[in-house]
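Here is how names work: the chains are called A, B, and so on, in the same order as the sequence lines, proteins then strands, and each is numbered from 1.
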There are 2 protein chains.
Amino acid sequence: MTIQGTDKGDRVQSVVKTLDILEALWQSEGAGVTQLTERTGLPKSTVHAHLTTLRSKGYVVQDGDEYRLGVRFLSFGEHVKHAEPLYAASETPIEDLADWTGERILCSTEQNGLGTVIRACDGERSVSSSISVGTPTYLHCSAAGKAMLAHFDRSKVDRIVDTWGLPAFTDETITDWATLEAELEAVREDGVAYNQGEYLPGISAVGAPVLDNDGDVHGALTVVGPQHRLENEWEHEELHNQLLSAANTIEVNLLFSE
Amino acid sequence: MTIQGTDKGDRVQSVVKTLDILEALWQSEGAGVTQLTERTGLPKSTVHAHLTTLRSKGYVVQDGDEYRLGVRFLSFGEHVKHAEPLYAASETPIEDLADWTGERILCSTEQNGLGTVIRACDGERSVSSSISVGTPTYLHCSAAGKAMLAHFDRSKVDRIVDTWGLPAFTDETITDWATLEAELEAVREDGVAYNQGEYLPGISAVGAPVLDNDGDVHGALTVVGPQHRLENEWEHEELHNQLLSAANTIEVNLLFSE
DNA sequence: GCAAGCGTTCGACAGAACAGAACAATTATG
DNA sequence: CATAATTGTTCTGTTCTGTCGAACGCTTGC
């Protein structure tokens, strides 16, 4: 699934086209020119011209009749990861929490109104979800997203909902503002946010925000697991405490890293 | 340090400009418009137009008066990593080798005539080198590079040397073709390649190629460490054996993954 | 309060990106 | 085995757009 952005500020249209091609390439682990013309709606020669340029710079490689993303993007990706303070600060806490819960733990951050997983760690009985490092997600239908939204300024929340809307992914997805607003208020009271199969059917999550001293949001920490298992266990306060404690450890780590 | 590519096939010049801006941004963990203007040689308004476009697509974020690479690149980076068979195949062998040697172990691949580190693992007494996952490197001055070059077709080696040349980084760097050719022959005989401070002063490495059944190169595995320590120890055949054994394990893993 | 720096906007011109058709090279198909 | 239908690639004129320098607010430091 691709997440479509608002199309404001497309000053340089060739760049938009190149990005569309790269995104199509990203979704398809290698594709030919014709395949990319269908996916992007651009004429063959245009796609070809862009691919040639990208290839000459090493951002795309050609394997016979297939083009793939080049390893050059690896350096960008690693750079972004390490530039994010959360990445270093979350290493130990996330591992400990994965050991303790046995579930999959994610550490996410917000950018441009979307969430992105920065670091992931599997526990013994982890579900293999499609959400892994680098995956962009909507905020209104994820535990991490709701944990962050709950601590944003009201104006920022408005802007995000305005930009991205509240699209439904399952029957459980919150699609109206009133329900979301009530839930965010609950998150602020409980300290943790839930996701009960609102994005992927059968997959639930509990999330806690990672804040700094001023109350600004750095990101969120999430425990992901099968709905039946997690919803039975999160009744126990112990899961909350461990989650909040891990989030707090990250917060402390962040203090010393800056 | 930026690695400059050959400028053939710049069909879409706006794309080249955008990539230049992204690379400048990559080297500087956040920069302002003026700073990017100086670094790229492009006029301020052009840089701004490109940044606006990149921002609207989420590939760049604005923090006050600074622009940084966006987390969107994380998804590309992870995609590239996981698309590379070596990534999964090298996980266990690289960890075991790091434990055994106590040194830093790298697993690299070649693309476009340059090497790129796909996976890294630290041992107990690892040196903290500037080479980590995603770093592009020249092949003629790295152990991994020489291990790979030694098993490429002659025509491919010629093309690579033609494209990238043999630039010097230290006094030890091989800068002429005759010396390189002789060394590649030695690599084929020994099975392993050395780097004795040829890229970073004081840093040495031993590398072994990862081949498939047809003798085609998949990548290389490298032990990196301080020159004095590594050069004393690599006299012992034990290091060779462990390195070659780990490389071989990866080769076997690759057989089963395809 | 002035000046220097920043990011941002504007507008006119040159030139570059675009689209469509034609090309070569390969694979399917009869 | 020949033909047809793909593929990726090349070519060329036209038009639209990317470009650039100057001017604009705005903040920061003197």
Item to check | Aromatic centroids of Tyr59(B) and Phe73(B) separated by under 6.0 Å | outcome: yes
Item to check | Considering all heavy atoms, the nearest Ile174(A)-Leu180(A) contact | outcome: CG2-N, 3.7 Å
Checklist entry - Within this structure, what is the NE2-to-P distance between His50(B) and dT8(C), rounded to whole angstrom? => result 15 Å
Checklist entry - If you measure from CD on Gln62(B) to CG on Leu54(B), what distance do you get to the nearest 0.5 Å? => result 12.0 Å
Checklist outcome for this item: Note: chain B reaches DNA chain D at heavy-atom distances under 4.0 Å over the stretch, first to last nt, 5' to 3', of dG18(D) to dG21(D)
Item to check | Non-hydrogen side-chain atoms of Met148(B) and Pro209(B) separated by less than 4.5 Å | outcome: no
Next on the checklist: Output the rounded distance in Å from CD (Gln13(A)) to P (dA17(C)).
Outcome noted: 12 Å
Checklist entry - Using a distance-only test with no angle check, is there a side-chain donor-acceptor pair under 3.5 angstrom linking Asp176(A) and Thr179(A)? => result yes
Checklist entry - ring pair (Phe, Tyr, Trp, His ring centres under 6.0 Å) with His140(B): which residues, sequence neighbours excluded? => result Tyr138(B)
Next on the checklist: Can you give me the dot-bracket string for DNA chain C, 5' to 3', counting Watson-Crick and G-U wobble pairs with both distances under 3.5 Å, using [ ] for crossing pairs and | for partners on another strand?
Outcome noted: .||||||||||||||||||||||.|||||.
Item to check | Taking every non-hydrogen atom, the tightest pair across Asn195(B) and Cys141(B) | outcome: ND2-O, 3.2 Å
Checklist entry - Residues in ring pair (Phe, Tyr, Trp, His ring centres under 6.0 Å) with Phe152(B), at least two apart? => result none
Item to check | Within residues 33-48 of chain A, residues whose heavy atoms come under 4.0 Å of DNA chain D | outcome: Val33(A), Thr34(A), Lys44(A), Ser45(A), His48(A)
Item to check | Asn253(B) vs Pro93(B) side-chain heavy atoms within contact, under 4.5 Å | outcome: yes
Item to check | Gln62(A) vs Val15(A), nearer the 5' end of DNA chain D by closest nucleotide | outcome: Gln62(A)
Between side-chain atoms of residues 32-44 of chain B and protein atoms elsewhere (two or more places apart, or another chain), which donor-acceptor pairs fall under 3.5 Å?
from     : atom 1 : to       : atom 2 : distance (Å)
Thr37(B) : OG1    : Val33(B) : O      : 2.8
Thr40(B) : OG1    : Leu36(B) : O      : 2.7
Thr40(B) : OG1    : Leu42(B) : N      : 3.3

